[in-house]
Each structure stands twice: as C-alpha cells, then as structure tokens.
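Structure, as structure tokens:
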Amino acid sequence: MSELLPGEVRQIGYVVTDLDDAMAGWLKMGVGPWFVIRNLSQRVTYRGAPCEVKLSLALSNSGDLQVELIQQLDDTPSIFTEFLGDTAGHGGGFHQLAYWTDDFDAAMENLGEAGWPQVWTGGEGEGVRFAYFEPPTGASIVEIMELTEASAGMATYVRSQAAGWDGSDPIRELGG
C-alpha cells in the first residue's frame, strides 16, 4: 500500500505581514542565512479560479528542515489573504507543511483519492509544480512540491549555507 503523503515534512511555511520583521525574528533564534526573492508575480489557480498575486519569499534552514516566509504584497484574494483574515491581529503565522516529491502526479492522485480539497495550484509550464491541500488535521495547509533538478539544487544550496553559518551576510537577495 502506498503512503498518502510523499515522505517526510521537508519545509514549514509561515505567512507574514512584514518579511523583514519576520526574518529579523528568526535571525534572533539563530536561523539563517535567508535567501530572499522580492516582488515575485505568481499565477495560480485559487479554489478553482485563475489568480495572480505578488509575493516576497524568504528561505532558510534549521538542520534539514527548510523554513519559508511568505508575504503577499497585494490585496488579491488568495490562500494567503484568506489565512491572514483568519488570524487577524496576529500578523500571520504558521501556515503549511510541505512535502517534496519526484512523482508529483502520483501525489496528486493520492490526495485526490483521499478527498482532500485542493485550494491552490501553480507552476505548470514554469519548471516546478506545486499544490496546496486542506488536510483533515495537523496544519492549515499541506503543500506538495515537485522535486526537480532545479528545486532540489536550491534546497541543497540553502541547507548547505545554513550548516555551520557564522552569522555573516544574514540576508541574501536573489533575483525575482
């Protein structure tokens, strides 16, 4: 019998209202360096309808676990504005558990058969597919991300930079 989810949790994601403040808080806890992409336009499907949002993202690692911070920069209705509406007054917080898979289609089939609502999908034709599902328990969202040569390379790079990090160059801007 196959597992419902592909392997172990690889990433935890936080939706934040101020990316720089959030990174500063994580840096105080010794998590860094952060790799930042600002003003990223993302075209997705949100609850069955086309959607385009503008985001800024930051990635770091604590051991093998990747931490992602997500700030939506516009007011377009999305999975992120929906979450911020539910956590009003808290400035965001823990949003998703992410699993990475090299068999994205099988993972989609498994979660579809399990009846988990798919609420956010994207990356088709852009190199790395991803989908967000509402699980019955454990997190607001479970993300499934396709593990490609590019996404695996980035994950390995971020993890290697965090290993033994000496605190220098804590914020590293990447092109968007």
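The shown structure was predicted, so the numbers you read here are calculated from the model rather than taken from an experiment.
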Original post:
For the residue pair Val31 and Trp165, what are the closest heavy atoms and their distance?
Top reply: C-CZ3, 4.1 Å

Original post:
Side-chain contact, heavy-atom cut-off 4.5 Å: Glu124 with Arg129?
Top reply: yes

Original post:
Going through the checks in order, is the side-chain contact (heavy atoms from CB on, under 4.5 Å) test met by Ser56 and Leu73?
Top reply: CA-CA 7 Å; Ser56 286; Leu73 303 173; 3.4 Å; yes

Subject >> Shortest non-hydrogen contact between Ser140 and Pro135, atoms and distance >> reply: O-CD, 3.5 Å

Original post:
Tell me the side-chain hydrogen bond (donor to acceptor under 3.5 Å, both in side chains) pairs involving residues 18-35, sequence neighbours left out?
Top reply: Asp20-Arg38

**OP:** Could you check if a side-chain atom of Ile144 sits within less than 4.5 angstrom of a side-chain atom of Leu5, using non-hydrogen atoms only?
**Re:** yes

**OP:** Look up atom OG1 in Thr101 and atom CZ in Arg10, then write down how far apart they are to the nearest 0.5 Å.
**Re:** 11.0 Å

Original post:
Just wondering, do Leu97 and Glu143 contact through their side chains at under 4.5 Å, heavy atoms?
Top reply: no

Original post:
Can you tell me how far OG of Ser60 sits from CG of Leu27, rounded to the nearest 0.5 angstrom?
Top reply: 7.5 Å

**OP:** To the nearest 0.5 Å, tell me how far Glu113 CD sits from Asn110 CG.
**Re:** 6.0 Å

**OP:** Report the C-alpha separation of Leu57 and Leu69 in whole Å, then their side-chain angles, then the decisive distance to 0.1 Å, and conclude whether the side-chain contact (heavy atoms from CB on, under 4.5 Å) test is met.
**Re:** CA-CA 6 Å; Leu57 309 171; Leu69 305 175; over 6 Å; no

Subject >> Exercise: do Gln118 and Arg47 side chains pair donor with acceptor under 3.5 Å >> reply: no

Subject >> Note, Ser41 side chain near Glu52 side chain (heavy atom, < 4.5 Å) >> reply: yes

Original post:
Which is it for Glu68 and Tyr14 under the side-chain contact (heavy atoms from CB on, under 4.5 Å) test, yes or no, and what are the steps along the way?
Top reply: CA-CA 6 Å; Glu68 178 182 36; Tyr14 290 81; over 6 Å; no

Subject >> Heavy-atom closest contact (Ala22 atom, Val16 atom, distance) >> reply: CB-CG1, 3.7 Å

Original post:
Are the aromatic ring centres of Phe35 and Tyr157 under 6.0 angstrom apart?
Top reply: yes

Original post:
Out of curiosity, Ile70 CD1 to Gln42 CD, how far, rounded to the nearest 0.5 Å?
Top reply: 8.5 Å

Original post:
Rounded to the nearest 0.5 Å, what separation is found between the CG atom of Asp102 and the CD atom of Glu149?
Top reply: 13.0 Å

Original post:
So do the side chains of Trp116 and Leu4 get within less than 4.5 Å of each other, counting heavy atoms only?
Top reply: yes

Original post:
If every non-hydrogen atom of Pro6 is compared with every non-hydrogen atom of Ala107, which pair is closest and at what distance?
Top reply: CG-CB, 4.4 Å

Original post:
Taking it one step at a time, do Ile12 and Gln96 satisfy side-chain contact (heavy atoms from CB on, under 4.5 Å)?
Top reply: CA-CA 6 Å; Ile12 54 174; Gln96 72 214 35; over 6 Å; no

Original post:
Side chains of Ser168 and Asp166: do they bring a donor and an acceptor to under 3.5 Å?
Top reply: yes

Original post:
So do the side chains of Arg159 and Asp64 get within less than 4.5 Å of each other, counting heavy atoms only?
Top reply: yes

**OP:** Quick one: closest heavy-atom pair of Gly92 and Leu84, and the distance?
**Re:** CA-CD2, 3.5 Å

Original post:
Which pair of non-hydrogen atoms, one from Leu65 and one from Gln11, has the smallest distance, and what is that distance?
Top reply: CD1-N, 3.8 Å

Subject >> Exam field: side chain Asp74 to backbone Lys54, donor-acceptor pair closer than 3.5 Å >> reply: yes

Original post:
With hydrophobic residues grouped by side-chain heavy-atom distances under 4.5 Å, do Val15 and Ile37 end up in a single group?
Top reply: yes

**OP:** Answer whether the closest heavy-atom distance between the side chains of Val36 and Leu174 falls below 4.5 Å.
**Re:** no

Original post:
With a 4.5 Å heavy-atom cut-off, do Met108 and Phe133 have their side chains touching?
Top reply: yes

**OP:** Please identify each residue that fulfils ring-ring contact (aromatic ring centres under 6.0 Å, His included) with Tyr99, with sequence neighbours left out.
**Re:** none

Original post:
Got a donor-acceptor contact below 3.5 angstrom from the Gln71 side chain to the Leu19 backbone?
Top reply: yes

Subject >> Of Phe80, Trp120, Tyr132, the residue whose pairing with Tyr46 passes side-chain contact (heavy atoms from CB on, under 4.5 Å) >> reply: Trp120

**OP:** State whether the side chain of Thr81 and the backbone N or O of Asp75 hold a donor-acceptor pair below 3.5 Å, judged by distance alone.
**Re:** no

Original post:
Are Ser78 and Gln72 linked by a side-chain donor-acceptor pair shorter than 3.5 Å?
Top reply: yes

**OP:** Would you please name every residue forming a side chain to side chain contact (heavy atoms under 4.5 Å, CB included) with Thr148, sequence neighbours left out?
**Re:** Val128, Glu146, Ala150, Ser151

